[in-house]
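Hydrogens, waters and symmetry mates play no part in the numbers below; they use all other heavy atoms, side chains included. Everything quoted here is computed from the prediction, not taken from an experiment. Just so you know, ligand 1 is whichever comes first in the structure, and atom 1 is the first atom listed for that ligand.
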Amino acid sequence: MKFNKKLENIKIYEAGKPIELVVREFGIEAKDIVKLASNENPYGCSPKVQKAVIDIVSNMALYPDDSMIKLKSALQKRFDVEGENLIIGSGSDQVIEFIMHAKADCNSKILINSVTFAMYEIYAKHVGAEVIRTDSQEHNLEEFYELYKSEKPDIIFLCTPNNPTGDAIDANEMMAFLEKIDENTLVVVDGAYMEYAAFKEESKKITPRVLVEKFSNVIYLGTFSKAYGLGGMRTGYGISTAPIIKELYKLRPPFNITTLSLEAASIALEDEEFVQNSIASCFSEMKRYEAFATKQKIDIIESYTNFVTLCLNDNKDSAQLANDLLRYGMIVRDLSGYGLNAIRVTVGTPKQNSRFFELTEKLL
Ligand SMILES: *Cc1c(COP(=O)(O)O)cnc(C)c1O
């Protein structure tokens, strides 16, 4: 059968290997599997969320509140923006999809970092847009600006902190960059890990309200999947000017967020203490990864996120290491698909991290 030609060259996105598959393939019990592959919060979510969700489980016959009033109000309060500045997606992934369809087509160019979140390219291909990449591994805004001038992209994606490398753009540098971009070019600032960066280093903190106030062509993305510990709830959001949000709304399917997800995300925003505590634990555990890397003489990229990227020496293949770890029930992310001989490891609980060190030391 013939399919949409635009899909021909799309490599299917491989998410971190699910625990359920490791159980089947290796016969390891779920309780003995450690998944450090998708940057989820190892401490889960606020206990208040669990209670709230259980309370509404008996009421699932009706469609969700499509105005999303409770979650929108909570986000408005958190970010000091208006409802017209917000769109909520089934993960911020879905907002990226809306953005692509709203702004790009087969004559468009999309500018992204050389190594970055794989979904930008996949959604670009859905609409047949051409993807332009920088050369530098870390976001180099001068290089972005040169390519902006020569290629005239329709959308620029800035992922800060960046996945899968963990580095972050300086907020002042980003502001200076945005000043130079014409208002017809849409700039997407993906802050999936911003809670971590803001905790670690004030100068990396991007405030969506400031972006909306200053620029008519910028959209900020956030998610509940990482710091808020709600990966299973598939909820993310975009914050931008009213005209951009209005355009994205044309693409939103009705009821795109479930009743449970709306409740979970709303309540999660009320328990900031839980989130800040898990971020603090993450960075204190990250020191152990840095020490481990030093001891094993492997490079580690300084991370502003809840994961670390370990760049292996030439005598060890990252795909091999990830596979070997899998046999012991340890799931990490091999980055060879990104052109790096590296693995990305989500910082887990102290016990999970100890297990990672013990196994990796043995396998290296
Ligand atoms: C995880 C992630 C997202 C989106 O996650 P959702 O679960 O779809 O909200 C977006 N961008 C980056 C860089 C991510 O790592």
Side-chain angles (χ1 to χ4, degrees), residues 13-18 35-42 44-45 68 71 75 86-100 110 112-124 126 133 137-139 155-169 174 187-198 204 206 208 219-240 248 252-253 256-258 260-262 264-265 268-269 275 279 282 301 303-309 332-333 335 337-338 340 344-347:
Y13 182 80
E14 266 197 63
K17 196 159 184 101
K35 182 178 180 230
L36 299 178
S38 297
N39 308 334
E40 295 126 329
N41 187 336
C45 65
M68 307 188 196
L71 179 53
L75 285 167
L86 286 167
I87 186 162
I88 296 164
S90 173
S92 57
D93 248 300
Q94 191 181 34
V95 184
I96 300 172
E97 186 178 15
F98 297 158
I99 291 168
M100 203 60 79
I110 313 296
I112 65 176
N113 200 52
S114 68
V115 179
T116 194
F117 189 47
M119 291 313 298
Y120 308 147
E121 175 163 24
I122 291 178
Y123 287 125
H126 285 186
R133 288 175 188 271
Q137 183 177 299
E138 294 195 0
H139 279 71
I155 309 178
I156 302 173
F157 281 91
L158 301 176
C159 186
T160 184
N162 192 27
N163 178 8
T165 49
D167 56 287
I169 302 171
M174 178 182 291
V187 184
V188 182
V189 177
D190 187 344
Y193 303 93
M194 189 54 73
E195 293 85 0
Y196 293 93
K204 306 287 186 187
I206 310 282
I219 180 164
Y220 176 91
L221 303 180
T223 180
F224 289 94
S225 302
K226 309 287 161 56
Y228 286 88
L230 293 175
M233 286 295 177
R234 308 301 306 121
T235 310
Y237 51 89
I239 304 178
S240 188
L248 300 185
R252 186 189 70 95
N256 60 328
I257 312 296
T258 70
L260 293 184
S261 303
L262 288 170
L269 285 171
V275 175
I279 295 175
C282 165
I301 301 174
S303 172
Y304 293 89
T305 64
N306 62 343
F307 59 83
V308 292
T309 302
V332 301
R333 200 63 174 269
L335 298 181
Y338 290 83
L340 303 177
R344 191 194 67 193
V345 187
T346 307
V347 177

Parallel, tilted or perpendicular: which fits the ring planes of Tyr123 and His126, with parallel below 30° and perpendicular above 60°?
-> perpendicular
Name the orientation class of the two ring planes belonging to Tyr120 and Phe157 (parallel below 30°, tilted from 30 to 60°, perpendicular beyond 60°).
-> parallel
Applying a strict 4.0 Å limit to heavy atoms, is Phe224 in contact with ligand 1?
-> no
Shortest non-hydrogen contact from Ile169 toward Thr160 = N-OG1, 2.8 Å
A student checking ligand 1 against Ser225 at a 4.0 Å heavy-atom cut-off should list atoms 6 (P), 7 (O), 9 (O)
Note the single closest protein heavy atom to atom 2 (C) of ligand 1, along with its residue, its atom name and the distance in Å.
-> Lys226 NZ, 2.5 Å
If you measure every N/O of Tyr193 against every N/O of ligand 1, is any gap under 3.5 Å?
-> yes
Subset of ligand 1 atoms that lie under 4.0 Å from at least one heavy atom of Asn163 = 13 (C), 14 (C), 15 (O)
Does one side chain, of Asn256 or Ser90, offer a donor that lies under 3.5 Å from an acceptor on the other?
-> no
Give, for atom CD of Glu138 and atom OG1 of Thr165, the distance between the pair rounded to the nearest 0.5 Å.
-> 6.5 Å
Say whether Arg234 and ligand 1 are in contact under the criterion: heavy-atom distance to a ligand atom below 4.0 Å.
-> yes
Purely on distance, is any nitrogen or oxygen of Tyr120 under 3.5 Å from one on ligand 1?
-> no
State, with a plain yes or no, whether a side-chain heavy atom of Ile110 is found less than 4.5 Å away from one of Ile156.
-> no
For the pair Lys204 (side chain) and Ala168 (backbone), establish whether a donor and an acceptor sit closer than 3.5 Å, ignoring hydrogens and angles.
-> yes
A student checking ligand 1 against Asp93 at a 4.0 Å heavy-atom cut-off should list atoms 8 (O)
Nearest non-hydrogen protein atom to atom 11 (N) of ligand 1, with distance, is Asp190 OD2, 2.6 Å
Evaluate the side-chain proximity of Met68 to Ile257: yes if any heavy-atom separation is below 4.5 Å, no if none is.
-> yes
Compute the shortest N/O to N/O distance between Ser92 and ligand 1 and return yes if it is under 3.5 Å, no if not.
-> yes
For ligand 1, which atoms have a heavy atom of Cys159 less than 4.0 angstrom away?
-> 13 (C)
